[in-house]
There are 2 protein chains.
Amino acid sequence: MPPPRVIAPFHGEHNHRKCLDQAMQRAEAACLQQGVRLTELRRQVLSLVWENHSPTRAYDILARLKEKGRRPAPPTAYRALEFLRSAGLVHRIESLNAYVGCADPMVGHSSQFFICDRCDAVAEVHDTGVTEHLTRNAERLGLHTARHTVEIHGICTRCYHNDQT
Amino acid sequence: MPPPRVIAPFHGEHNHRKCLDQAMQRAEAACLQQGVRLTELRRQVLSLVWENHSPTRAYDILARLKEKGRRPAPPTAYRALEFLRSAGLVHRIESLNAYVGCADPMVGHSSQFFICDRCDAVAEVHDTGVTEHLTRNAERLGLHTARHTVEIHGICTRCYHNDQT
DNA sequence: GATAGAAGTGTTATACTGTAACAACCCTGC
DNA sequence: GCAGGGTTGTTACAGTATAACACTTCTATC
Ligand SMILES: [Zn+2]
Ligand SMILES: [Zn+2]
Ligand SMILES: [Zn+2]
Ligand SMILES: [Zn+2]
């Protein structure tokens with residue numbers, strides 16, 4: 001079994017511009033491969049989700065789209081987000097009603113998300129051990145699995161230390 | 001490591017009246033032990049959640065409370081549900097915005113939920129293997145864990161077979 | 001038992017999240 | 001060009017959740 005792979009860690013100091021560019025490039029490639037259209041609107045929404053590594057809510061997307069000159073209504077944002085999700089380019093965090101970009105869209109994965117409730121940082125992990133346990137349980141119960149939602153909430157080290165001071 | 005324990009299975013043929021009575025009894029005991037008050041309203045809401053083993057939404061609770069002669073507004077339901085959740089008597093299914101009764105409230109557990117998207121049946125499982133995997137990952141990332149959300153969606157065997165016919 | 005404080009519930013209003021339905025537009029292949 | 005499907009715009013509304021304050025009920029203490 002391969003070791004758990006951290007797709008996006010907490011607070012990684014990095015050139016985020018690079019993050020964003022890479023995400024957009026991978027999105028173009030993924031859509032090309034899947035034969036679906038990454039339109040200008042979808043590109044804009046994806047880049048908004050990728051503005052940072054915290055979960056983005058649909059109505060935040062709407063507000064930012066307005067700033068960009070569009071006059072969008074809710075369905076505009078939800079449709080774009082649903083497209084991106086089905087293409088594997090973003091994940092939905094159910095416990096927050098929000099979306100994060102996926103840094104590795106080309107592999108079909110069911111990830112686990114570790115979320116800091118103080119600073120909103122999210123780490124995406126792909127631990128096949130967890131997945132196998134869940135799959136085994138599903139089989140035992142007779143559930144033909146469609147999707148996993150695994151979201152762990154807590155306080156990240158940085159925020160935890162800040163609280164002590 | 002103990003084997004995964006199925007707290008509530010799919011479609012178990014059973015005397016549900018017994019289910020309900022037992023749940024209410026355990027709730028009384030749990031509240032007594034925790035030194036919190038299981039008021040009449042909270043008792044009513046808990047019994048509504050326990051009417052069946054499918055997730056119950058807050059506004060369904062509201063509607064049923066109206067039938068029982070109250071004239072409740074949303075906060076009434078949400079406050080009762082939040083109380084029951086904090087007392088460990090119900091779990092919230094994040095991916096459905098709904099609540100299910102917990103059949104084993106006395107043990108502090110973080111469960112996994114297996115959900116049939118066709119018939120809404122929910123199975124609650126307590127697999128320490130899953131929990132340990134997640135805990136290990138949280139430690140590695142430096143997340144001081146507060147709560148787990150593990151929800152597996154799919155189609156249960158019974159519904160799957162019905163679809164074939 | 002009176003009485004203050006805490007806990008619980010009622011009530012109004014409002015914010016946030018998400019979708020149905022239909023119109024208009026645009027792209028692609030014929 | 002011109003159908004036809006996919007995408008976006010637009011209006012309206014459904015569903016989920018909380019803030020704020022009033023009122024009641026319970027509990028502890030005198
Ligand atoms: Zn980045
Ligand atoms: Zn943090
Ligand atoms: Zn039952
Ligand atoms: Zn089913």
Side-chain angles (χ1 to χ4, degrees), chain A residues 27-28 31-32 34-49 54-87 89-100 117 120 149 151, chain B residues 27-28 31-32 34-49 54-87 89-100 117 120 149 151:
Chain A
E28 299 284 354
C31 288
L32 200 63
Q34 295 175 44
V36 294
R37 284 165 54 195
L38 188 61
T39 63
E40 186 50 30
L41 172 67
R42 291 165 176 174
R43 224 174 255 120
Q44 282 183 15
V45 171
L46 182 59
S47 74
L48 288 173
V49 170
S54 296
T56 308
R57 288 165 302 169
Y59 278 70
D60 291 340
I61 299 279
L62 277 173
R64 308 285 279 103
L65 282 177
K66 281 210 184 77
E67 295 171 9
K68 290 199 174 187
R70 293 189 183 254
R71 201 146 38 85
T76 301
Y78 283 103
R79 284 191 291 229
L81 287 168
E82 172 51 23
F83 167 85
L84 295 171
R85 198 204 51 70
S86 74
L89 301 174
V90 304
H91 294 289
R92 179 176 160 84
I93 308 294
E94 297 289 349
S95 53
L96 296 176
N97 299 328
Y99 300 80
V100 292
D117 289 329
D120 280 340
T149 297
E151 300 165 7
Chain B
E28 299 285 354
C31 287
L32 199 64
Q34 295 176 43
V36 294
R37 285 165 52 196
L38 189 59
T39 63
E40 186 50 31
L41 171 67
R42 291 166 177 173
R43 226 174 254 119
Q44 281 183 15
V45 171
L46 182 59
S47 74
L48 289 173
V49 170
S54 296
T56 307
R57 288 165 301 169
Y59 277 72
D60 292 339
I61 299 281
L62 277 173
R64 308 285 280 100
L65 283 178
K66 281 209 183 78
E67 296 171 9
K68 292 201 176 188
R70 292 190 184 254
R71 200 144 39 84
T76 300
Y78 282 104
R79 285 191 290 228
L81 287 168
E82 171 52 23
F83 168 85
L84 295 171
R85 199 204 50 71
S86 75
L89 301 174
V90 304
H91 295 289
R92 179 177 159 85
I93 308 294
E94 297 288 350
S95 53
L96 295 176
N97 300 328
Y99 301 80
V100 291
D117 290 330
D120 281 340
T149 297
E151 300 165 7

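Treat the numbers as computed from the prediction; the structure is a model and nothing was measured. Below, chains carry the letters A, B, ... as their sequence lines are ordered, and counting in each starts from 1.
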For this session: Could I get the full list of salt bridge (charged side-chain N to carboxylate O under 4.0 Å, His left out) partners for B:Arg43, not counting sequence neighbours?
Result: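 Salt bridge (charged side-chain N to carboxylate O under 4.0 Å, His left out) list for B:Arg43, sorted by chain: B:Glu28, B:Glu40.
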For this session: Rounded to 10°, tell me the angle between the two end axes of the helix from C:dG1-D:dC30 to C:dC30-D:dG1, each built from five pairs.
Result: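 That helix gives 30° between its end axes.
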Exercise. Quick one: do B:Arg85 and B:Glu82 make a salt bridge, cutoff under 4.0 Å?
Worked result: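 Yes.
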Exercise. Which value, rounded to the nearest 0.5 Å, describes the distance between A:Thr76 atom OG1 and A:Arg71 atom CZ?
Worked result: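 It is 11.0 Å, given to the nearest 0.5 Å.
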Problem set entry | From CD (B:Gln44) to CG (B:Leu38), nearest 0.5 Å |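 So the CD of B:Gln44 and the CG of B:Leu38 are separated by 11.0 Å.
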Exercise. Do A:Tyr59 and the base of C:dT17 stack face to face, with centres under 5.5 Å apart and an angle between planes under 30°?
Worked result: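 The ring of A:Tyr59 is stacked on C:dT17.
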Are the side chains of [X] and [Y] in touch, meaning some heavy atoms are under 4.5 Å apart?
X	Y	answer
B:Phe83	B:Val36	yes
B:Lys66	B:Pro72	yes
B:Leu48	B:Asp60	no
A:Leu41	A:Arg70	yes
B:Ser47	B:Lys68	yes

Minimum-distance pair of heavy atoms, taken over all atoms of [X] and [Y]:
X	Y	answer
A:Ala98	A:Pro55	CB-CB, 3.5 Å
B:Leu46	B:Ala27	CD2-CB, 3.4 Å
B:Leu84	B:Val45	CD1-CG1, 3.8 Å

For this session: Identify, between B:Arg79 and B:Leu96, the residue whose nearest nucleotide on DNA chain D lies closer to the 5' end.
Result: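 The residue closer to the strand's 5' end, by nearest nucleotide, is B:Leu96.
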For this session: Considering only heavy atoms of chain A and a distance under 4.0 Å, specify the first and last nucleotide of DNA chain D in 5' to 3' order that meet this criterion.
Result: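 Nucleotide range in contact with chain A: D:dT7 to D:dT11.
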For this session: For DNA chain C, determine which residues of residues 34-46 of chain B have any heavy atom closer than 4.0 angstrom to one of its atoms, and list them numerically.
Result: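 Result for residues 34-46 of chain B: B:Arg37, B:Thr39, B:Leu41, B:Arg42, sorted by number.
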Problem set entry | Contacting residues from residues 60-77 of chain B, given that a heavy atom lies under 4.0 angstrom of DNA chain D |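 When residues 60-77 of chain B is checked for heavy atoms under 4.0 Å from DNA chain D, the hits, listed by number, are B:Pro74, B:Pro75.
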Exercise. Starting at the 5' end of DNA chain C and moving along, which residue's nearest nucleotide shows up first, B:Phe83 or A:Ala98?
Worked result: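 This one resolves to B:Phe83.
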For this session: Write down the distance between OH (B:Tyr78) and C1' (C:dT14), rounded to a whole number of angstrom.
Result: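 Rounding to the nearest Å, OH of B:Tyr78 and C1' of C:dT14 are 14 Å apart.
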Which pairs of donor and acceptor atoms, one on a side chain in residues 89-97 of chain B, lie under 3.5 Å apart (sequence neighbours left out)?
| residue | atom | partner | partner atom | Å |
| --- | --- | --- | --- | --- |
| B:His91 | NE2 | B:His109 | NE2 | 3.2 |
| B:His91 | NE2 | B:Glu124 | OE2 | 3.0 |
| B:Arg92 | NE | B:Glu94 | OE1 | 3.2 |
| B:Arg92 | NH1 | B:Tyr99 | OH | 3.2 |
| B:Arg92 | NH2 | B:Asn97 | OD1 | 3.2 |
| B:Ser95 | OG | B:Glu151 | OE1 | 2.5 |
| B:Ser95 | OG | B:His153 | NE2 | 2.7 |

